[in-house]
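Numbers for residues simply follow the sequence, beginning at 1.
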Amino acid sequence: MAERWRNTALLVIDMQKDFIEESSMIRVKGGKSIVPNVIRVVELARQHGILVIWVVREHDPRGRDVEIFRRHHYNSDQVGPTVKGTVGAELVDGLIIKEEEDYKIVKTRFSAFFSTNLHSFLQTSAVTNLVIAGVQTPNCIRQTVFDAVELDYPNVTVITDATAAATPEIHTANILDMKNIGVKTPTLHEWSEEFA
């Protein structure tokens, strides 16, 4: 069974406290509800030998590497979102990086491929199939998916109930856009049935 999945990687995107916790200024409203499903996706991936890649944001305390539209969060006396080393940059409770098995990519923009070594790492790891979970659907999920398709990854899957956006309508519209370019969009249950 593990042989079947050896060319597959799971990308877990931005499942960090600043994007999920209620008290955060940049939280994704639908993010908290998917945490149990993301935990389950990671468990299934590990059980079947799928490489888990954690894609996280870690920013400079002064916001010098942040998109222009977010820089105002870094111009006050308060610490901005997902600053490296802060609690807000940590993964939400229940998600843990296994240092010896998993891989971590740090990004500063929407796409996990933009200005990172993700593509070269996937190539040297012989990964051709991507499964994606995390937040948020119209931004980091969508941009990563579109880049993966443009880079000719033949199989890209987005677990629809292990990804989320600010509203169900935004989430559904973006899932449809990704489905229309050939991306697979199963639920967690549907995806888990592939292991049967």
Side-chain angles (χ1 to χ4, degrees), residues 1-17 19-20 28 30-57 90-107 111-113 116-137 140-165 171-172 174-176 178-179 181-196:
M1 181 61 76
E3 182 68 18
R4 176 184 171 193
W5 299 100
R6 70 181 175 85
N7 298 114
T8 301
L10 168 65
L11 305 183
V12 183
I13 298 178
D14 289 352
M15 290 300 294
Q16 297 161 268
K17 291 179 180 176
F19 292 117
I20 304 298
V28 177
K32 193 89 168 170
S33 66
I34 67 163
V35 171
N37 283 357
V38 175
I39 291 170
R40 183 66 184 136
V41 168
V42 172
E43 288 171 351
L44 284 168
R46 286 180 171 148
Q47 288 169 9
H48 294 89
I50 294 173
L51 172 65
V52 179
I53 300 175
W54 301 91
V55 181
V56 298
R57 279 189 180 249
E90 294 173 0
L91 295 177
V92 294
D93 293 343
L95 295 174
I96 298 168
I97 298 174
K98 292 190 174 181
E99 300 288 341
E100 294 184 13
E101 300 170 24
D102 302 344
Y103 194 72
K104 177 181 166 184
I105 295 280
V106 175
K107 67 182 175 69
S111 175
F113 290 98
T116 73
N117 70 327
L118 178 59
H119 184 53
S120 61
F121 175 78
L122 293 171
Q123 288 182 315
T124 58
S125 301
V127 170
T128 54
N129 308 313
L130 300 177
V131 178
I132 297 174
V135 292
Q136 84 162 314
T137 321
C140 300
I141 303 298
R142 180 188 175 110
Q143 192 62 49
T144 299
V145 165
F146 272 73
D147 283 354
V149 170
E150 290 182 346
L151 289 165
D152 294 326
Y153 286 86
N155 295 298
V156 180
T157 299
V158 175
I159 310 296
T160 59
D161 54 355
T163 50
H171 178 69
T172 300
N174 281 276
I175 291 293
L176 180 60
M178 290 184 275
K179 188 174 184 176
I181 62 164
V183 173
K184 297 174 188 168
T185 56
T187 63
L188 170 56
H189 176 74
E190 290 166 342
W191 186 63
S192 68
E193 288 184 329
E194 294 185 31
F195 301 110

Do any N or O atoms from the side chain of [X] and from the backbone of [Y] form a donor-acceptor pair under 3.5 angstrom?
X	Y	result
Gln16	Arg57	yes
His171	Thr160	yes
Asp102	Ile97	no
Asn7	Thr128	no
Thr144	Ser111	no

Could you tell me which non-hydrogen atom of [X] sits nearest to which non-hydrogen atom of [Y], and how far apart they are?
X	Y	result
Phe113	Leu122	CE2-CD1, 4.0 Å
Thr157	Pro186	CG2-CD, 3.4 Å
Ala133	Val38	CB-CG2, 4.5 Å
Ala112	Ile105	O-CG2, 4.1 Å
Leu10	Ile50	N-CG2, 3.7 Å
Val28	Ala164	CG1-O, 4.1 Å

- Message: Please evaluate residues Met178 and Thr137 with respect to the criterion side-chain contact (heavy atoms from CB on, under 4.5 Å), reporting the C-alpha separation (whole Å), side-chain torsions for both, the decisive distance (0.1 Å), and the verdict.
- Response: CA-CA 10 Å; Met178 290 184 275; Thr137 321; 3.7 Å; yes

Measuring only between side-chain heavy atoms, which start at C-beta, is [X] closer than 4.5 Å to [Y]?
X	Y	value
Ile13	Lys107	yes
Val35	Met15	yes
Val52	Lys98	no
Val158	Ile141	yes
Lys32	Val92	no

Drop me the distance from [X]'s [atom1] to [Y]'s [atom2], to the nearest 0.5 angstrom.
X	Y	atom1	atom2	answer
Glu194	Trp5	CD	CH2	4.5 Å
Ile39	Leu95	CD1	CG	5.0 Å
Leu51	Arg6	CG	CZ	13.0 Å
Thr163	Arg142	OG1	CZ	13.0 Å
Trp191	Ile159	CH2	CD1	5.5 Å
Asn155	Thr8	CG	OG1	7.5 Å

- Item | Partners passing ring-ring contact (aromatic ring centres under 6.0 Å, His included) against His189 (at least two apart in sequence or in another chain) | none

- Item | Whether Phe195 and His48 hold their rings parallel, tilted or perpendicular, with breakpoints at 30° and 60° |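 Rings of Phe195 and His48: parallel, as their planes differ by under 30°.
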
- Between Val56 and Leu91, does a side-chain contact (heavy atoms from CB on, under 4.5 Å) hold up when you go through it step by step? CA-CA 9 Å; Val56 298; Leu91 295 177; 4.1 Å; yes

- Message: Between Val127 and Ile53, is the side-chain contact (heavy atoms from CB on, under 4.5 Å) condition met? List the steps.
- Response: CA-CA 11 Å; Val127 170; Ile53 300 175; 5.9 Å; no

